[in-house]
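A short worksheet on the structure shown next.
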Amino acid sequence: MANLTGFVKRLRDIMRNDAGINGDAQRIEQIAWLLFLKIYDAKEADWELESGYRSILPEPCRWSNWAAHGSSGQALTGEQLLWFVNNVLFPVLKGQDACDSQGQIIKGVSAAAGASIRQAIVPAVFADANSYMKDGVLLRQVINCIDDLDLSDYEESHAFGEIYETILKELQSAGSAGEFYTPRAVTDFMAQMISPKLGEKMADFACGTGALSLPG
């Protein structure tokens, strides 16, 4: 992602026209849960290569099924998109059952005791999350910007610490709130020195947003 500032500015400019967004904190929260679902969808694509992996998300609530716009032009937008987010997506991700537009019941997600972090993270993230946007066309524009991120690209997939930092710097009330990500030069050096092997785990315990990369 060559221009992180431009990416965040596009999102901010779209949200500025939405009557439901009131202040920078709401912009950050709106961007955060959308980015989470985009990233989670990409991770699930990897996990599904493992034998026995089963998504905690009902199919209609997976990013690739409701948010990805692709080239078909069939993605939800306007009032349909708002209705789905407010009446299906958020209730389900908060653990409540919901009915889709066809009257079919969609079970709320829940992570059983001892569930893996892959499962537990979803209800944890959405327990206190909110969707503030009230214009479904503008929401679609925000989603499209995020959906266009190419998480198969090495540089873009390791840019999220910088995206968070850019959000803090760009949104007015965040001001100069400090640096919360480990610089890429440091994480690259750490990865080279540790030289992890496939199947091993490593961690940057002063990681901020956790931007630890593997050597190329």
Side-chain angles (χ1 to χ4, degrees), residues 1 3-44 57-58 60-70 75-96 98 108-109 121-151 156-157 159-178 180-181 208-211:
M1 184 181 299
N3 190 346
L4 290 173
T5 301
F7 169 75
V8 175
K9 184 178 184 299
R10 287 197 303 275
L11 298 182
R12 184 186 61 186
D13 288 346
I14 295 169
M15 290 183 180
R16 185 181 289 121
N17 295 314
D18 192 288
I21 299 289
N22 182 23
D24 298 325
Q26 291 183 354
R27 289 192 187 97
I28 292 174
E29 184 172 350
Q30 187 84 34
I31 294 170
W33 71 258
L34 287 167
L35 276 173
F36 171 83
L37 288 179
K38 167 68 174 178
I39 298 167
Y40 193 78
D41 190 69
K43 293 302 296 181
E44 287 205 302
L57 299 180
C61 295
R62 300 180 72 172
W63 177 274
S64 53
N65 290 330
W66 71 270
H69 60 101
L76 291 173
T77 189
E79 292 301 318
Q80 286 184 321
L81 176 59
L82 280 181
W83 185 90
F84 174 80
V85 168
N86 294 329
N87 295 285
V88 178
L89 183 68
F90 262 73
V92 168
L93 297 185
K94 288 177 178 288
Q96 306 163 21
V109 301
I121 194 173
V122 175
V125 164
F126 281 88
D128 298 314
N130 297 284
S131 182
Y132 297 102
M133 296 186 70
K134 296 185 180 302
D135 187 314
V137 174
L138 295 177
L139 177 57
R140 167 47 59 188
Q141 292 175 18
V142 170
I143 290 171
N144 286 354
C145 285
I146 292 173
D147 192 49
D148 285 338
L149 294 175
D150 181 7
L151 301 186
E156 291 199 8
S157 67
F160 291 102
E162 296 178 55
I163 288 175
Y164 178 66
E165 177 70 13
T166 303
I167 289 172
L168 291 181
K169 288 180 177 178
E170 285 294 304
L171 299 180
Q172 294 179 355
S173 67
S176 55
F180 294 93
Y181 67 95
T209 50

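Keep in mind the model is a prediction, meaning the values are calculated, not measured.
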| request: Report the distance from atom CG of Leu35 to atom CD1 of Ile28, rounding to the nearest 0.5 Å. | output: 12.0 Å
| said: Using a 3.5 Å distance criterion without hydrogens, assess whether the side chain of Arg27 forms a donor-acceptor pair with backbone atoms of Asn22. | reply: no
| Is the shortest heavy-atom distance from the side chain of Trp66 to the side chain of Val88 under 4.5 Å? | no
| Leu76 side chain reached by Trp83 side chain, heavy atoms, under 4.5 Å | no
| query | For Gln96, which residues count as a side-chain contact (heavy atoms from CB on, under 4.5 Å) partner, sequence neighbours excluded? | reply | Pro91, Lys94
| remark: By side-chain hydrogen bond (donor to acceptor under 3.5 Å, both in side chains), Asn86 pairs with (sequence neighbours left out) none
| Would you say Thr77 and His69 make side-chain contact, with heavy atoms under 4.5 Å? | no
| said: Using the side-chain contact (heavy atoms from CB on, under 4.5 Å) criterion, which residues pair with Pro58? Sequence neighbours excluded. | reply: Pro60, Cys61, Val92, Ile106, Val109
| In Å and rounded to the nearest 0.5 Å, what is the CD to CG distance from Gln80 to Leu82? | 10.5 Å
| request: Could you go through the salt bridge (charged side-chain N to carboxylate O under 4.0 Å, His left out) check for Arg16 and Asp13 one step at a time? | output: CA-CA 5 Å; Arg16 185 181 289 121; Asp13 288 346; 2.9 Å; yes
| note | Hits for side-chain contact (heavy atoms from CB on, under 4.5 Å) against Gln141, two or more places apart or cross-chain, chain-then-number order -> Ile14, Val137, Leu138
| query | Under the ring-ring contact (aromatic ring centres under 6.0 Å, His included) rule, what pairs show up with a residue in residues 9-31, not counting sequence neighbours? | reply | none
| request: Scan residues 12-35 for pairs that pass ring-ring contact (aromatic ring centres under 6.0 Å, His included), counting only residues two or more places apart or in two chains. | output: Trp33-Phe90
| note | dist Lys43:NZ -> Lys38:NZ (nearest 0.5 Å) comes out at 13.5 Å
| Ile21 versus Met15, closest heavy-atom pair with distance | CB-O, 3.9 Å
| field | 4.5 Å side-chain heavy-atom contact, Asp135 and Asn17 | value | no
| Quick one: side-chain contact (heavy atoms from CB on, under 4.5 Å) partners of Lys134, sequence neighbours excluded? | Asp18
| request: Go through the steps to decide whether Asp41 and Leu57 satisfy the test side-chain contact (heavy atoms from CB on, under 4.5 Å), and finish with yes or no. | output: CA-CA 10 Å; Asp41 190 69; Leu57 299 180; over 6 Å; no
| request: List in chain and number order the residues that pass side-chain hydrogen bond (donor to acceptor under 3.5 Å, both in side chains) with Asn65, two or more places apart in sequence or in another chain; answer none if no residue qualifies. | output: Glu59
Pair up each side-chain donor or acceptor in residues 124-133 with any protein partner under 3.5 Å, not counting sequence neighbours, and list the distances.
residue, atom, partner, partner atom, Å
Asn130, ND2, Glu29, OE2, 3.2
Asn130, ND2, Asp128, O, 3.4
Asn130, ND2, Tyr132, OH, 3.4
Ser131, OG, Gln30, NE2, 3.3
Tyr132, OH, Glu29, OE1, 3.0

| request: With rounding to the nearest 0.5 Å, note down the distance linking CG in Leu37 to CD1 in Ile146. | output: 9.5 Å
| message | Using modelled atom types and a 3.5 Å cut-off, is there a donor and acceptor pairing between side-chain atoms of Arg10 and backbone atoms of Cys145? | response | no
| Looking at residues at least two apart in the chain, or sitting in another chain, which of them share a side-chain hydrogen bond (donor to acceptor under 3.5 Å, both in side chains) with Trp63? | Asp147
